Student: 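What follows is a single structure, and I will ask about it in a moment.
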Amino acid sequence: MIADRSVFDDKYAPQRLLHRDAAVDRLATALAPTKRGQQGDDLLIEGSPGVGKTVLARHTLSQLSERHDLDYTHVECMGASTASIIREVLAAVGPKPATNTPLEDLCLSLRERVEDPLVVILDEASDIHDTKALDRLADVTGISLVVICYDAAEWLTHAPRRITHRLHGQTLTLDRYGTDELADILEPRAEKGLDHGVVARRQLEMIADEVAGIARFGIYSLLAAATLAQDRDHHTVRDEDVAGAYPLAREWMRQAALDSLSFHHHLLYALVRDAGEIDGETLHDRYDAVADRAYDGRSRTPLAERSQRRKLRKLDEYDLVERLGSTRDRRYAVIDQSVRSGYDIDLSRVLQSGLQD
DNA sequence: TATCCACCGGAATTTATGGAAG
DNA sequence: CTTCCATAAATTCCGGTGGATA
């Protein structure tokens, strides 16, 4: 049933980028000056999560770099500091700088090293609160910025003045795909990733419609449908497999998010999940109660309350836990009970004290 | 309704880690 | 090997806030 899982991976680059011709042109036009050795125009790409912003930027830049020897680098900005962003760009144009090089020196050598035009893709730039990195990159002649975020207007209000000036009128909005368009995108994935003929075009359209044009969700759903069909010993994907695929696809996306986080997050997640819904004070207490045993034999040590709250905020950002209420009435609950930590976390002590209460 | 109080989260400060220079 | 320096992570500090109490 499933011939090649990697086809459904986030990192998989399709040979052809379907239904994004206008967007590709727009980006290519902005970067056209680089063909003459000049700095390209900046571009701000906005769109809902999963509609293909990163794929568009990577695909287009990889083509331009092949055809015109254009240099580019892709920087994941989520949670990155000013220095780490500069450091990463610097690493792309030369040897990796030492970890204790001062920020000022990094900026100086970046200016020295960038001779030819360089395109920097700032991905997940929504939460660059530390706008110094933008200023620093804008200082360097030759660097053009491709900024990827969810909401351009919102992003621009937080950006430094000179950046908003540079990006004025340079916003590219990626809309969700139409049903037929997304079905077109799913088709080659089915061809490559699944055995021949196991899924019908009509079913791809069902998926495309259900996921409301969100490509990533659609791709995961296709894999989920095939997985269910395989588990149920079906020879081809049936409509009932498609119907059951969506919750599974969502679960996988959340599970991947949780897996990417640290043990601290996992322990807090497990406590919230176990409780169903829990207020801050009780959660902190239970954390303390299990901390000694849970962290035993691990390299990390238990966190103070403030740090626990920061981890919980992260879990919220990753759509794993929801935080209800604002201050004293804050309560936490996991969003999908079927997502669970891969760590073997023993909460028996908490359960005992919970029964005693 | 006024006051109290404990949680929340921003900001400042400290600690842990690791590479480079002396 | 020791000292120095820079960053990231964690902690401490503290004002804001809104439910609780009288």
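When reading the values below, keep in mind they use all heavy atoms of this one structure, side chains included, and skip hydrogens, waters and symmetry mates. What you see is a predicted model, and the numbers here were worked out from it, not measured in a lab. Reminder, nothing fancy here: chain letters follow the sequence lines and each chain counts from 1.
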Student: Just checking A:Arg87: base, sugar-phosphate only, or nothing, at a heavy-atom cut-off of under 4.0 Å?
Tutor: sugar-phosphate
Student: Would you say A:Tyr332 reaches B:dC7's phosphate, i.e. side-chain N/O to OP1/OP2 under 4.0 Å?
Tutor: no
Student: Whole Å only: how far is the CZ atom of A:Arg300 from the P atom of C:dA9?
Tutor: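 That distance rounds to 9 Å.
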Student: If only side-chain N and O atoms of A:Arg323 are considered, is one of them under 4.0 Å from the OP1 or OP2 phosphate oxygen of B:dG9?
Tutor: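 Affirmative; the distance criterion is met.
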Student: Not counting sequence neighbours, which residues clear side-chain hydrogen bond (donor to acceptor under 3.5 Å, both in side chains) with A:Asp71? List them please.
Tutor: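 Applying side-chain hydrogen bond (donor to acceptor under 3.5 Å, both in side chains) to A:Asp71 gives none.
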Student: Generate the contact string for nucleotides 11-22 of chain C. Rules: B means base contact, S means sugar-phosphate contact only, - means no protein heavy atom under 4.0 Å.
Tutor: BB-----B----
Student: Indicate yes or no: does A:Asp4 engage A:Arg189 in a salt bridge with an N to O separation below 4.0 Å.
Tutor: no
Student: Mind checking ring pair (Phe, Tyr, Trp, His ring centres under 6.0 Å) for A:His266 and listing every partner two or more places apart, or none if nothing turns up?
Tutor: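 Result, ring pair (Phe, Tyr, Trp, His ring centres under 6.0 Å) vs A:His266: A:Tyr343.
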Student: Determine all donor-acceptor pairs shorter than 3.5 Å in which one atom belongs to a side chain in residues 63-70 of chain A; sequence neighbours excluded.
Tutor:
from: A:Ser65; atom 1: OG; to: A:Ser62; atom 2: O; distance (Å): 3.1

Student: Keeping to residues at least two apart or across chains, list the salt bridge (Lys or Arg N to Asp or Glu O under 4.0 Å) pairs with something in residues 247-257 of chain A.
Tutor: A:Arg254-A:Asp319
Student: Of all residues at least two apart in sequence or in a different chain, which pass the side-chain hydrogen bond (donor to acceptor under 3.5 Å, both in side chains) check with A:Arg232?
Tutor: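 With sequence neighbours excluded, A:Arg232 shows a side-chain hydrogen bond (donor to acceptor under 3.5 Å, both in side chains) to A:Asp241, given in chain and number order.
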Student: Which pairs count as side-chain hydrogen bond (donor to acceptor under 3.5 Å, both in side chains) when at least one residue sits in residues 141-152 of chain A, sequence neighbours excluded?
Tutor: A:Glu124-A:Tyr150
Student: Ignoring backbone atoms, test whether A:Lys311 places a side-chain nitrogen or oxygen under 4.0 Å from the OP1 or OP2 oxygen of C:dA9.
Tutor: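 No, no such contact exists.
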Student: Using C1' atoms of five pairs at each end, report the bend of the helix from B:dT1-C:dA22 to B:dG22-C:dC1 rounded to 10 degrees.
Tutor: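 End axes: 20° apart.
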Student: Taking only residues two or more places apart in sequence or in another chain, which ones pass side-chain contact (heavy atoms from CB on, under 4.5 Å) with A:Val51?
Tutor: A:Arg20, A:Ser48, A:Lys53, A:Leu174, A:Arg176, A:Ile214
Student: Could you note down all residue pairs passing ring pair (Phe, Tyr, Trp, His ring centres under 6.0 Å) where residues 217-252 of chain A supplies at least one of them, sequence neighbours left out?
Tutor: none
Student: Do any side-chain nitrogens or oxygens of A:Arg313 fall under 4.0 Å of OP1 or OP2 in B:dG10?
Tutor: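 Yes, within the criterion.
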Student: My understanding is that only residues two or more places apart in sequence, or in another chain, count here; which of them pass side-chain hydrogen bond (donor to acceptor under 3.5 Å, both in side chains) with A:Arg87?
Tutor: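 Here no residue qualifies.
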Student: Does a nitrogen or oxygen in the side chain of A:His284 sit under 4.0 Å from OP1 or OP2 of B:dC8?
Tutor: yes
Student: All N/O contacts under 3.5 Å from nucleotides 19-22 of chain B to the protein, with atom names and distances to one decimal?
Tutor:
from: B:dG19; atom 1: O4'; to: A:Thr99; atom 2: OG1; distance (Å): 3.2
from: B:dG19; atom 1: N2; to: A:Asn100; atom 2: ND2; distance (Å): 2.9
from: B:dG19; atom 1: N3; to: A:Asn100; atom 2: ND2; distance (Å): 3.4

